[in-house]
Amino acid sequence: MSLTTGDFRSKVTTQTLYDKKARHEKITCLTAYDYSSARLVDEAGIDIVLVGDSLAMTMLGHENTMAVTMDEMLHHVKAVHRGTKHAFLVADMPYASYHVDTTSALLNAARFLKEGGAEAVKLEGGEKRAELVARMRDAEIPVMGHIGLTPQSVHMMGGYKVQGKSLAAVEKLVQDAIALDSAGVCCLFLEGIPREVAAMITAEVSTPTIGIGAGPECDGQVLVFHDILNLTFAPPAKFVRRYADVSSVITDAVKAFKEDVKSGSYPSDEESYHLPKDTQAALETIAARKRAMGKIHGD
Ligand code: KIV
């Protein structure tokens, strides 16, 4: 058995998340979009790996999350699945994959589990999604909810704005959270809402809450992989904490490679393959013979 930390961890399940909430032990979640980032996140001991539709922006360069398709999401979920051993793997349902009708929503969600290896799906929206959540549970699909600043509603919200600021909006958010909790979501993502509101919801619902821009009282926290590493090419949101400047690390490495190639210092002799000694000797003999023959024929 390998002695990596990962091998001593048990598999995270929905039960682990509920147990953590009960013990007031914080739940950790990060996005990952491919095999290598999934391995790094999983081996660092993060509880939930989320293949977020934010990949539309971070990986595919779209302006918002609206354009990403089921097939594109599935492609990334499969890669993340291959790199995830211990963490709970969640696939984000993209815009229009669950908005049209219940049958297509169930079929799309099932693809993430059946073809992608996901263990749950996440969808955006409150009370209006409660029935769908229950239908998914009937189909043995664990579902995570997502309320507050829901990026797939960007055009309805008129931009990315903190939600739940007025009394009516707070009431609506609490109502949404309770409806999703009763419908059986196995986690509830709270995005871009005042910490006081997130605290109220966290105390009210039995499902674990995972915050992003929702303050410290949530049962857990999620951030986008590219945000914490400075790989987003944009100023960070207020709630983002940057843990490393991977952008500079990559830029410096790429520039150093370019200079080494231009100067001829890369590759060195140690970085080159060599012929076996006997082949080299045979080649030298042939070359010497050719030179000798050339001299005889006066070339
Ligand atoms: O798509 C995403 O990355 C998300 C999280 C940030 C919650 O939905």
Side-chain angles (χ1 to χ4, degrees), residues 17 26-34 37-38 41 46-70 72-77 79-80 84 87-99 108-109 112 116 118 120-126 129 142-154 157 160-164 173 176-177 180 185-193 198 201-202 207-215 218-229 231-232 234 236-243:
L17 306 176
K26 293 289 185 187
I27 298 165
T28 54
C29 176
L30 276 175
T31 64
Y33 310 114
D34 59 15
S37 57
V41 168
I46 293 292
D47 296 311
I48 304 173
V49 170
L50 168 68
V51 187
D53 65 349
S54 52
L55 71 82
M57 299 158 85
T58 56
M59 299 294 285
L60 305 178
H62 290 293
E63 202 180 309
N64 55 45
T65 60
M66 307 301 278
V68 71
T69 65
M70 263 306 295
E72 286 168 337
M73 287 300 297
L74 204 49
H75 172 82
H76 287 273
V77 172
V80 170
T84 306
F88 190 71
L89 175 56
V90 184
D92 217 357
M93 297 206 64
Y95 176 65
S97 70
Y98 58 97
H99 302 76
N108 283 328
F112 280 130
V121 297
K122 174 169 86 58
L123 45 83
E124 297 183 6
R129 307 278 178 239
V143 190
M144 297 195 170
H146 184 165
I147 58 172
L149 192 173
T150 45
Q152 291 172 12
S153 323
V154 61
M157 292 183 304
Y160 298 109
K161 295 176 184 159
V162 174
Q163 303 293 300
L173 273 177
D176 282 339
L180 291 172
V185 289
C186 61
C187 240
L188 184 57
F189 284 74
L190 303 175
E191 177 165 358
I193 62 174
I201 292 173
T202 301
T207 194
T209 60
I210 310 288
I212 173 160
C218 299
D219 297 310
Q221 296 292 328
V222 58
L223 281 174
V224 166
F225 185 80
H226 285 52
D227 280 341
I228 67 167
L229 300 176
L231 283 170
T232 48
K238 177 187 169 92
F239 58 80
V240 170
R241 189 176 291 180
R242 285 202 159 145
Y243 288 89

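Both ligands and their constituent atoms are indexed starting at 1 by order of listing.
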Check: Is the backbone N or O of V240 less than 3.5 Å from a side-chain atom of D227, with the two atoms forming a donor-acceptor pair by type?
Finding: no
Next item on the list: Report the C-alpha distance between T65 and M57 in whole Å, list the side-chain angles of each, state the deciding distance to 0.1 Å, and finish with yes or no for side chain to side chain contact (heavy atoms under 4.5 Å, CB included).
Entry: CA-CA 6 Å; T65 60; M57 299 158 85; 3.9 Å; yes
Next item on the list: Report the part of L55 (side chain from C-beta onward, or backbone N, CA, C, O) that has a heavy atom under 4.0 Å from ligand 1; answer both or neither where that applies.
Entry: neither
Next item on the list: Kindly say whether F225 contributes a backbone atom to a donor-acceptor pair with the side chain of T31 at under 3.5 angstrom?
Entry: yes
Item checked: Per-atom contacts of ligand 1 with H146, taking only distances under 4.0 Å to non-hydrogen atoms -> 7 (C), 8 (O)
Next item on the list: Please confirm whether S54 comes within less than 3.5 Å of ligand 1 when only nitrogen or oxygen atoms on both sides are compared.
Entry: yes
Checklist line | Numbered atoms and elements of ligand 1 in range of T31, under 4.0 angstrom, heavy atoms | finding: 3 (O)
Note to self: Checking the N or O distance criterion of under 3.5 Å, is ligand 1 in contact with D53?
What the structure shows: yes
Next item on the list: Would you confirm whether Y95, through its side chain, and P151, through its main-chain N or O, come within 3.5 Å as a donor-acceptor pair?
Entry: no
Note to self: I need the nearest protein heavy-atom contact for atom 6 (C) of ligand 1: residue, atom name and distance, please.
What the structure shows: I212 CD1, 3.6 Å
Next item on the list: Give the C-alpha distance, both sets of side-chain angles, the deciding distance and a yes or no for side chain to side chain contact (heavy atoms under 4.5 Å, CB included) between R129 and H99.
Entry: CA-CA 9 Å; R129 307 278 178 239; H99 302 76; 3.5 Å; yes
Next item on the list: Would you check if the side chain of Q152 reaches a backbone N or O of M93 as a donor-acceptor pair within less than 3.5 Å?
Entry: yes
Margin query: Test of understanding: given a 4.0 Å heavy-atom threshold, classify the contact between D92 and ligand 1 as side chain, backbone, both, or neither.
Written below: side chain
Check: L188 and side-chain contact (heavy atoms from CB on, under 4.5 Å): which partner among I210, I201, D176?
Finding: I201
Item checked: Top protein contact for atom 5 (C) of ligand 1, by heavy-atom distance -> L50 CD2, 3.6 Å
Checklist line | N or O contact, K122 vs ligand 1, cut-off under 3.5 Å | finding: yes
Next item on the list: Would you mind listing which atoms of ligand 1 come within a distance below 4.0 Å of any non-hydrogen atom of G52?
Entry: 1 (O), 2 (C), 3 (O)
